[in-house]
Amino acid sequence: MQSITTKEHWIPMHAGQLFAKSWLSEQGSPTFQAPIVLFHDSLGCVALWRDFPAKLAASTGRRVIAYDRLGFGRSSAHPGGWSVDFIQDEASIYFPALQSALGFQRFIAFGYSVGGAMATYCAARYHSDCEGLITMSAQAFVDEQVLEGIRVAKHTFDQPGQLARLEKYHGDKARWVLSAWCDTWLSQDFAPWTIDRGANGLRCPHLVIHGDHDEYGSLAHPRHIAALTRGPSELLILENCRHTPHREHPELVVAAVSEFVS
């Protein structure tokens, strides 16, 4: 792998700080190419991307940026007032702060799981600046398979010692992180949500990646998402793959993204 330079960033917000990290290969250009911005999943954070951002930076030659949403990872604890509009809030409140602090305007949005909806909302809201959208294992709506997957995960984390898996990455925010995911998605208030709500104006090229055995969403989800954009879209269904394509088939995912952004 090429030599990768990493930087850590702290972004002040009214309710605390966001933590972000960026990766750039020795041959990359932070100035002339739009960076790839990673949006993590419901239990995720920068650290849980592991070596994937570095591989993307090396393969694409672009700066890769990931950040911890407020309440997650190394970012400040969430102050409260969490709502079912959290996906829209990420696009309207937190993403612009990230842009300003890290000095970029044009971008490629890459979202994993619920981060896929956040990336989609950003791509649609800032369509004149978004060069491309990549969604991976994203949900398009709330259905029984999504809810059953969350119920199973919630039951697992209720077992003795299991919360420690989250505490390793989120510290004393771990129980809040779990509740923000499970209680929100299982609530009646969130039941009517669909990704379409924030997709108006989506017109950039779109790569949709999904595993054929994803436990949090049938193939109806990526097919629905692929039809959202007015621009060209590509649907990549990975065989023998569950909810984490970037860990289960990292070479295939990196290759697909590299070809897409080139």
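These numbers come from a predicted model, not from an experiment.
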Mind telling me whether Phe107 and Phe104 have parallel, tilted or perpendicular rings, with 30° and 60° as the class edges?
-> perpendicular
List for me each residue that meets side-chain hydrogen bond (donor to acceptor under 3.5 Å, both in side chains) alongside Asp143, sequence neighbours excluded, and say none if there are none.
-> His221
With a 4.5 Å limit on heavy-atom distance, are the side chains of Lys154 and Leu186 in contact?
-> yes
Would you check if Val257 and Glu259 make a side-chain contact, meaning some heavy-atom pair closer than 4.5 Å?
-> no
Please report the closest heavy-atom contact between [X] and [Y], naming both atoms and the distance.
X: Pro245; Y: Leu238; result: CB-CD1, 3.7 Å
X: Pro96; Y: Ala91; result: CD-O, 3.4 Å
X: Ala119; Y: Gly111; result: CB-N, 3.6 Å
X: Asn200; Y: Ala124; result: O-CB, 3.4 Å

Sorted by chain and residue number, the ring-ring contact (aromatic ring centres under 6.0 Å, His included) partners of His78 (sequence neighbours excluded) come out as Trp82, Trp176
Those residues that, when tested against Tyr121, pass ring-ring contact (aromatic ring centres under 6.0 Å, His included) (two or more places apart) = none
Given the options Phe141, Trp185, Phe86, Trp193 meets ring-ring contact (aromatic ring centres under 6.0 Å, His included) only with Trp185
With sequence neighbours left out, which residue pairs that include part of [range] fulfil the salt bridge (charged side-chain N to carboxylate O under 4.0 Å, His left out) condition?
range: residues 94-122; value: Arg106-Glu131
range: residues 223-246; value: Glu215-Arg242
range: residues 159-174; value: none
range: residues 177-202; value: none

Under 6.0 Å between the ring centres of Phe72 and Phe19?
-> no
Phe260-His206 aromatic ring centre distance below 6.0 Å | no
For the backbone of [Y] and the side chain of [X], can you confirm whether one donor and one acceptor N or O come within less than 3.5 Å of each other?
X: Ser59; Y: Lys55; answer: no
X: Ser233; Y: Thr229; answer: no
X: Asp41; Y: Val114; answer: no
X: Ser75; Y: Gly71; answer: no
X: His40; Y: Gly44; answer: yes
X: Gln162; Y: Asp158; answer: no
X: Thr120; Y: Gly116; answer: yes
X: Ser83; Y: Asp85; answer: yes
X: Arg62; Y: Val261; answer: yes

Under 4.5 Å side-chain linkage, directly or through intermediates, the cluster mates of Tyr169 = Leu48
Could you name each residue pair satisfying side-chain hydrogen bond (donor to acceptor under 3.5 Å, both in side chains) that touches residues 86-102, not counting sequence neighbours?
-> Tyr67-Glu90
Distance-only criterion, 3.5 Å: show the donor-acceptor pairs between side-chain atoms of residues 7-17 and protein atoms not counting sequence neighbours.
from, atom 1, to, atom 2, distance (Å)
Glu8, OE1, Arg74, NH2, 3.3
Glu8, OE2, Arg74, NH1, 3.1
His9, NE2, Ser22, OG, 2.8

Quick one: list whatever passes salt bridge (charged side-chain N to carboxylate O under 4.0 Å, His left out) with Asp212, sequence neighbours left out.
-> none
With sequence neighbours left out, what residues match Glu148 under salt bridge (charged side-chain N to carboxylate O under 4.0 Å, His left out)?
-> Arg151
Have Ser137 and His210 got a donor and an acceptor in their side chains that come within less than 3.5 Å?
-> no
Evaluate the side chain to side chain donor-acceptor pair (under 3.5 Å) criterion for residues Ser113 and Gln139: first the C-alpha distance (whole Å), next the side-chain angles of each, then the deciding distance (0.1 Å), finally the verdict.
-> CA-CA 6 Å; Ser113 195; Gln139 297 85 19; 3.2 Å; yes
